Amino acid sequence: MNINPMQLIQMLPQFKSNPMAILGQMGVPQNISNNPQAIIQNLMNSGKVSQDQYNQAMQMAKNMGI
């Protein structure tokens, strides 16, 4: 599952209601589910999210006031 920044924004409501389901779909191990930095690092290490995609998503979130 390769995620683009727009998909991340679209997944936000579902993530808010059931974060473990989304993280599980993305292959994030449960033992790091309470560590946001470890989650991002896992997604980058596995190639699911690139540094550029992360930067774009962060910029979009900032622009939206998130």
Side-chain angles (χ1 to χ4, degrees):
M1 175 185 252
N2 197 353
I3 306 291
N4 71 47
M6 201 59 202
Q7 284 176 306
L8 289 174
I9 300 300
Q10 291 171 344
M11 292 168 69
L12 192 58
Q14 185 181 2
F15 184 78
K16 284 181 176 181
S17 69
N18 191 352
M20 291 308 299
I22 296 293
L23 293 175
Q25 288 174 10
M26 297 174 79
V28 174
Q30 285 189 346
N31 65 323
I32 64 169
S33 63
N34 290 329
N35 184 336
Q37 277 305 118
I39 292 169
I40 294 297
Q41 195 62 55
N42 175 275
L43 293 172
M44 288 184 182
N45 290 347
S46 65
K48 293 181 177 94
V49 176
S50 70
Q51 183 68 53
D52 189 48
Q53 290 170 317
Y54 171 77
N55 292 344
Q56 289 175 3
M58 290 299 293
Q59 188 60 47
M60 288 174 71
K62 285 180 186 177
N63 290 344
M64 298 169 101
I66 298 173

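Keep in mind that the numbers below use all heavy atoms, side chains included, and drop hydrogens, waters and symmetry copies. Note that this is a predicted model, so its numbers are computed, not measured.
- Dense packing is recorded around CD of Q51, with more than 12 heavy atoms of other residues, nucleotides or ligands lying under 6.0 Å away.
- Taking CD1 of I39 as the reference point, atom CG of N34 lies at 7.5 Å (rounded to 0.5 Å).
- Counting heavy atoms from C-beta on, the side chains of V49 and I40 never come closer than 4.5 Å.
- N42 and P29 make their closest contact through ND2-CD, 3.6 Å (heavy atoms, listed as atom of the first residue, atom of the second, distance).
- With hydrogens and angles left out, the side-chain atoms of N55 and Q59 include no donor and acceptor closer than 3.5 Å.
- Note that the CD atom of Q41 and the CG atom of N35 stand 10.5 Å from one another [nearest 0.5 Å].
- Residues A38 and I32 come closest through the heavy atom pair O-CD1, 3.6 Å.
- Under the 4.5 Å side-chain criterion, counting only non-hydrogen atoms from C-beta, M20 is in contact with S33.
- The CD atom of Q14 sits 6.0 Å away from the CD atom of Q25 when rounded to the nearest 0.5 Å.
- Here CE of M44 is found 9.0 Å from CD of Q53. Values are rounded to the nearest 0.5 Å.
- Side-chain atoms of L43 and Y54, non-hydrogen and from C-beta on, never get closer than 4.5 Å to each other.
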